[in-house]
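Start at 1 with the first residue, then count along the sequence. As a basis for the values below, the full set of heavy atoms in this structure was taken, side chains included, without hydrogen atoms, waters or symmetry mates.
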Amino acid sequence: MIHLTTLGYIHTIIGVLALIPAFISLFSFGAIAPQKRAGKIYILLTVLACLTSFPIMRSGHLSAGHFLAIMILVMLPLAYYAPSIKLFGQKWQYIQVVLMSLTLFFSLIPAFVETLTRVPLGHPFAAGQEDPALKSVLGVLALVFVVGICYQLYRLRTQNRGLQSV
């Protein structure tokens with residue numbers, strides 16, 4: 001059995017549950033749409049996952065995962081309020097898409113690291129955070145993220161052009 005504290009289990013469950021509305025939103029709307037119900041649920045669960053991560057310190061101090069949680073907590077309100085942030089101007093939709101996708105990507109990094117350094121039980125995929133096999137997996141995850149962002153931005157640009165021509 002994987003050794004986690006009670007808070008560790010709660011954090012993990014919340015984090016996994018946050019992925020469901022994120023992917024529903026991605027597949028339904030082509031982006032994690034914070035104005036839609038699935039997007040709002042994703043935001044709520046992601047904030048809870050970030051907040052429950054702070055007391056969890058396997059090494060006794062803040063880790064890269066905690067830094068990612070802080071970045072997510074900064075990006076979520078920026079993405080949610082992007083339409084009303086004057087600095088973003090007409091590009092707010094593009095910024096919102098990138099920020100929301102980044103929050104998902106940043107959430108998946110510690111999820112993959114923690115999972116792959118713990119399973120399969122007794123002989124985990126990666127020996128630790130510096131394991132080259134783990135770095136390869138994270139590289140593929142980054143590539144999927146970049147391709148996904150490019151697709152979302154292309155789709156948004158195509159939709160905006162269609163609206164302009166009407």
*Asks:* Determine whether V146 and C150 satisfy the following criterion, side-chain contact (heavy atoms from CB on, under 4.5 Å), listing intermediate values before the conclusion.
*Replies:* CA-CA 6 Å; V146 170; C150 289; 4.3 Å; yes
*Asks:* Count the heavy atoms belonging to other residues, nucleotides or ligands that lie under 6.0 Å from CZ of F54, then report whether that count exceeds 12.
*Replies:* yes
*Asks:* Looking only at heavy atoms, which two atoms of L45 and I14 are closest? And how far apart?
*Replies:* O-CG2, 3.2 Å
*Asks:* Quick one: are Y80 and Q96 in side-chain contact, heavy atoms under 4.5 Å?
*Replies:* no
*Asks:* Over all heavy atoms of both residues, which pair between A22 and L104 is shortest? Give the atoms and the distance, please.
*Replies:* CB-CD1, 4.1 Å
*Asks:* Quick one: closest heavy-atom pair of L78 and L99, and the distance?
*Replies:* CB-CD1, 3.8 Å
*Asks:* Provide the closest heavy-atom pair for L134 versus F125 in the form atom of the first, atom of the second, distance.
*Replies:* N-CE2, 4.2 Å
*Asks:* Do L153 and Y94 come within less than 4.5 Å of each other through their side chains, counting heavy atoms only?
*Replies:* yes
*Asks:* Take atom CD of Q35 as the centre, draw a 6.0 Å sphere, and report whether it contains more than 12 heavy atoms from other residues, nucleotides or ligands.
*Replies:* yes
*Asks:* With a 4.5 Å limit on heavy-atom distance, are the side chains of S25 and R37 in contact?
*Replies:* no
*Asks:* Is there side-chain contact between M57 and H66, with heavy atoms separated by less than 4.5 Å?
*Replies:* yes
*Asks:* Applying ring pair (Phe, Tyr, Trp, His ring centres under 6.0 Å), name anything that partners F145, two or more places apart in sequence or on another chain.
*Replies:* F105
*Asks:* Should we count OH of Y151 as having more than 12 external heavy atoms under 6.0 Å?
*Replies:* no
*Asks:* Quick check on R157: does its CZ atom have over 12 non-hydrogen neighbours (other residues, nucleotides or ligands) under 6.0 Å away?
*Replies:* no
*Asks:* Are there more than 12 heavy atoms of other residues, nucleotides or ligands under 6.0 Å from atom CZ of R155?
*Replies:* yes
*Asks:* Please tell me whether I20 and F23 are part of a single hydrophobic cluster in this structure, the criterion being side-chain heavy atoms less than 4.5 Å apart.
*Replies:* no
*Asks:* Between M100 and A79, which heavy-atom pair has the shortest distance, and what is it?
*Replies:* SD-CB, 3.5 Å
*Asks:* Looking at side-chain heavy atoms only, is the closest gap between S101 and I149 below 4.5 Å?
*Replies:* yes
*Asks:* Which atom pair, heavy atoms only, marks the closest approach of S107 to Y42?
*Replies:* OG-OH, 4.3 Å
*Asks:* Without swapping roles, check the side chain of T46 against the backbone of I43 for a donor-acceptor pair under 3.5 Å.
*Replies:* no
*Asks:* Would a distance-only check, ignoring hydrogens and angles, find a side-chain to backbone donor-acceptor pair under 3.5 Å from T52 to A49?
*Replies:* yes
*Asks:* Show the numbers, then the answer: is there a side-chain contact (heavy atoms from CB on, under 4.5 Å) between L19 and L108?
*Replies:* CA-CA 9 Å; L19 298 177; L108 289 174; 3.8 Å; yes
*Asks:* Could you tell me whether the side chain of H11 reaches within less than 4.5 Å of the side chain of T5, counting heavy atoms only?
*Replies:* no
*Asks:* So do I32 and V97 actually touch side chain to side chain, heavy atoms under 4.5 Å?
*Replies:* no
*Asks:* Same cluster or not: L76 versus L17, using hydrophobic residues (I, L, V, M, F, W, Y) connected whenever any side-chain heavy atoms lie under 4.5 Å apart?
*Replies:* no
*Asks:* Can a donor-acceptor pair be found between the side chains of Q129 and T117 at a distance below 3.5 Å?
*Replies:* no
